[in-house]
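Heads up, the thing below is written out as structure tokens.
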Protein chains: 2
Amino acid sequence: MAVTIKEVAKKAGVSPSTVSRVIANHPRISEETSKRVREIMDELGYHPNIMAKSLVSRTTRTIGVVLPRPAEELLLNFFFYELIRGVLAQLTRSGYDLLMAGGTNEQEELETVTRLVRSGRVDGLLLLYSRASDPVIHLLRQEKMPFVLLGRSLDYEDVPSVDNDNVQAAYDATKHLIAQGQRRIGFVSGPTKLAMTQDRMAGYTKALSEAGLPFKEGWVVEGEFLLESGYRAMASIMSQPEPPTALVIIDDVVAFGVLKGLTELGYRIPQDVAIVSFNNIALTELTMPPITSVDVGTYQLGYTASQMVLRMIQQVEITARQIIPHRLVVRESSLRTLSLT
Amino acid sequence: MAVTIKEVAKKAGVSPSTVSRVIANHPRISEETSKRVREIMDELGYHPNIMAKSLVSRTTRTIGVVLPRPAEELLLNFFFYELIRGVLAQLTRSGYDLLMAGGTNEQEELETVTRLVRSGRVDGLLLLYSRASDPVIHLLRQEKMPFVLLGRSLDYEDVPSVDNDNVQAAYDATKHLIAQGQRRIGFVSGPTKLAMTQDRMAGYTKALSEAGLPFKEGWVVEGEFLLESGYRAMASIMSQPEPPTALVIIDDVVAFGVLKGLTELGYRIPQDVAIVSFNNIALTELTMPPITSVDVGTYQLGYTASQMVLRMIQQVEITARQIIPHRLVVRESSLRTLSLT
DNA sequence: TGGCACAATGTAAACGGATACTTTTGTGCA
DNA sequence: TGCACAAAAGTATCCGTTTACATTGTGCCA
């Protein structure tokens with residue numbers, strides 16, 4: 001059906017190996033032959049059969065992307081597309097393809113990854129999560145399959161990963177509130193088993209203590225990456241005897257819930273309560289007021305993660321942990337200057 | 001490196017072909033042999049090499065998903081993840097893999113798809129857009145490669161596609177507003193070259209005329225799927241001498257912009273202006289007020305589209321155009337009963 | 001002018017698995 | 001006991017490429 005190297009060879013009056021060498025830019029092929037063969041390849045619309053190529057080269061030029069299990073996916077939901085764009089841009093540039101996989105539970109996921117690795121389906125993997133102590137990670141290390149985590153792992157410091165400096169990001173966000181004159185600052189947190197949550201928490205407390213501001217237990221509430229979570233966390237924090245006048249919020253979606261809850265309770269943002277959050281998804285500028293958020297460079301995360309796996313495949317030395325710069329995007333929700341108090 | 005069929009055969013004391021037949025569940029293999037071979041496969045952690053298998057079977061068990069070009073991607077942004085989950089669920093169930101591809105411009109995209117098709121990389125394709133008169137579609141038809149569009153194509157009625165009944169969806173949404181007592185209803189539209197836009201427009205006008213309500217030029221504004229677009233469209237509509245008291249909005253993201261604009265201008269939602277929109281992305285319930293939106297069954301769209309390609313590959317007869325049911329999710333933004341007028 | 005180096009190309013054997021065709025083994029029956 | 005015939009398994013070839021090794025051809029030098 002499809003055009004093969006043999007048909008090209010026949011039409012060009014050369015042997016299949018010559019055609020193969022033309023494709024590979026082998027030095028010992030004469031200009032003349034090369035040109036003629038290329039013409040015929042174009043004429044016949046020849047494209048090398050990747051399966052055959054892979055079989056002999058033992059490489060697939062394919063990177064697998066493993067989605068998190070549905071239970072952990074919520075964070076990803078809103079920047080998945082941009083992330084994939086970044087991944088795809090890098091892979092396309094390097095002539096690699098992207099295979100997407102995932103399972104609905106731990107076992108299914110492990111089976112899928114095992115199959116991809118053992119059947120020689122991919123040359124490397126990108127794990128879109130940073131779950132601690134994971135059987136998938138064990139497997140990949142054992143099989144010596146190059147892989148990169150999105151977000152650092154709590155358990156393995158030496159596993160290659162791309163991440164933001166979340167400590168610094170939260171530090172910056174909190175500092176920004178302090179610079180606006182805020183003294184009572186709370187923190188709406190995420191699941192504490194995630195490195196991201198721990199890091200942002202650390203940045204928050206660091207900024208507080210440096211500024212000599214109080215850290216109060218009741219001002220910090222752990223939530224999840226769910227729509228209602230922010231709402232509940234906010235209610236808990238604001239019901240304290242002396243509630244904070246500013247909140248650092250672990251994620252934009254949670255911030256949406258907080259914002260809504262605060263508004264419903266009659267708080268004015270930012271006059272009564274100022275907020276900053278993280279990830280800078282598109283809709284943060286469409287809320288009322290627009291939300292100040294830390295842009296984490298989603299596209300760049302995807303782009304760099306792919307670059308890392310590719311480097312690992314090419315046996316190039318890499319830094320085990322690559323940091324993507326963040327940027328605080330200041331919007332109305334955190335600006336004290338608007339306040340008349 | 002990896003375990004091959006030969007190693008399994010050797011260890012089991014049979015020939016490679018026997019092992020191959022065990023894998024394929026060939027009828028003429030004795031229970032006993034089959035069991036022994038399977039045990040050894042497990043023991044060695046054998047997984048068939050997909051490349052070798054593909055080479056001889058001339059099939060890849062892989063479906064390609066082609067992303068829209070960045071310029072047209074905005075709509076997709078917020079439900080991409082759910083869509084992919086649907087696709088992946090169906091493919092995994094059927095033992096297929098998902099290859100993701102896309103280009104930054106028309107030529108790049110065509111080259112990518114050509115390569116996937118000609119090099120035998122995929123057995124079928126899913127196009128996540130429904131651009132009219134597309135060179136990619138021409139190519140796929142010519143190469144007899146099974147493919148399914150997401151959303152119907154304006155130019156080719158007979159191209160397989162999954163879609164909502166957008167006429168009916170917009171009709172339902174508009175009717176809902178009418179049932180709430182609305183008489184002056186405007187429409188914030190999208191790019192008219194899209195079938196989706198045309199269909200929703202048609203449903204809107206149909207509902208109006210059935211109810212004997214006026215259709216006014218100035219009440220209908222074409223926008224784009226951009227954040228600011230809704231804002232501008234709203235401004236234009238509301239500056240009419242006699243502005244509408246309700247708006248049907250082509251998409252949730254646009255509706256966010258409209259909502260923000262209306263609120264800033266001092267309109268109360270839904271008392272002064274009621275709104276309904278489409279797609280029901282997660283954040284519609286977190287706006288103030290929450291937005292009534294038509295759920296289009298994103299997961300189901302992905303799931304069904306994949307099912308269609310798989311059927312085409314198996315030469316099963318399919319309906320060229322598959323309709324996914326929609327569902328109006330009523331929230332505060334459209335409820336007139338709240339009004340005191 | 002024979003011999004040699006080297007460039008250009010050809011030949012053939014893999015890569016791992018599927019399968020048409022062939023051989024071996026086993027069973028029932030005359 | 002021998003034979004037919006079916007079940008079970010083995011042999012060999014092919015899928016489309018790459019590549020080690022072999023062959024051919026040319027020019028140059030002793």
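Remember, it's a predicted structure, so these values are computed and weren't measured experimentally. Below, read A as the first sequence line, B as the second, and so on, with proteins coming before strands; counting in each chain starts at 1.
Taking atom CG of residue A/Leu55 and atom P of nucleotide D/dC14, one finds them 17 Å apart after rounding to whole Å. For B/Lys10 and D/dG10, the NZ to P distance is 15 Å, given to the nearest whole Å. Between A/Met41 atom CE and D/dG16 atom P there is a gap of 17 Å when expressed in whole angstrom units. Rounded to whole Å, atom P of D/dA8 lies 17 Å from atom NZ of B/Lys35. Look at CE on B/Met51: it is 15 Å from P on D/dT17, rounded to the nearest Å. Whole-Å rounding puts the A/Lys6 NZ to D/dT17 C1' distance at 9 Å. A/Asn49 has its CG atom 13 Å from the C1' atom of D/dT18, to the nearest Å. Here C/dC15 presents its P atom at 14 Å from CD1 of B/Ile5, a figure rounded to the nearest Å.
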What pairs of nitrogen or oxygen atoms, one from the protein and one from nucleotides 22-25 of chain C, lie under 3.5 Å apart?
none

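Side-chain contact between B/Glu111 and B/Gln107 is present, with heavy atoms from C-beta onward closer than 4.5 Å.
A donor-acceptor pair under 3.5 Å links the side-chain atoms of B/Ser119 to the main chain of B/Arg115, judged by distance alone. A donor-acceptor contact shorter than 3.5 Å is absent between the side chain of A/Ser94 and the backbone of A/Tyr96. Between the side chain of B/Arg36 and the main chain of B/Gly13, no donor-acceptor pair closer than 3.5 Å is present. Remark: the backbone N or O of B/Thr59 is not paired with any side-chain donor or acceptor of B/Asp123 at under 3.5 angstrom.
Rounded to 10 degrees, the angle between the two end axes of the helix from C/dT1-D/dA30 to C/dA30-D/dT1 is 70°, with five pairs used at each end.
Salt-bridge check for A/Asp134 with A/Lys193: failed, with every basic side-chain N at 4.0 Å or more from each acidic carboxylate O. Between B/Lys35 and B/Glu39 there is a salt bridge, since at least one side-chain N of the basic residue sits less than 4.0 Å from a carboxylate O of the acidic one.
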Go along nucleotides 7-14 of chain C 5' to 3' and tag each nucleotide: B for a protein heavy atom under 4.0 Å from its base, S when only backbone or sugar atoms are that close, - otherwise.
SSBBB---
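In summary, the side chains of B/Ser15 and B/Thr18 do present a donor paired with an acceptor at a separation below 3.5 Å, with no hydrogens or angles considered. A donor-acceptor pair shorter than 3.5 Å can be found between the side chains of A/Thr62 and B/Arg121.
Here A/Thr4 lies in heavy-atom contact (under 4.0 Å) with sugar-phosphate atoms only.
Enclosure of atom CZ in B/Arg141 by more than 12 non-hydrogen atoms of other residues, nucleotides or ligands within 6.0 angstrom is indicated. More than 12 heavy atoms of other shown residues, nucleotides or ligands fall within 6.0 angstrom of atom CD in B/Gln314.
For A/Arg58 and C/dG16, the shortest distance from a side-chain N or O to OP1 or OP2 is below 4.0 Å.
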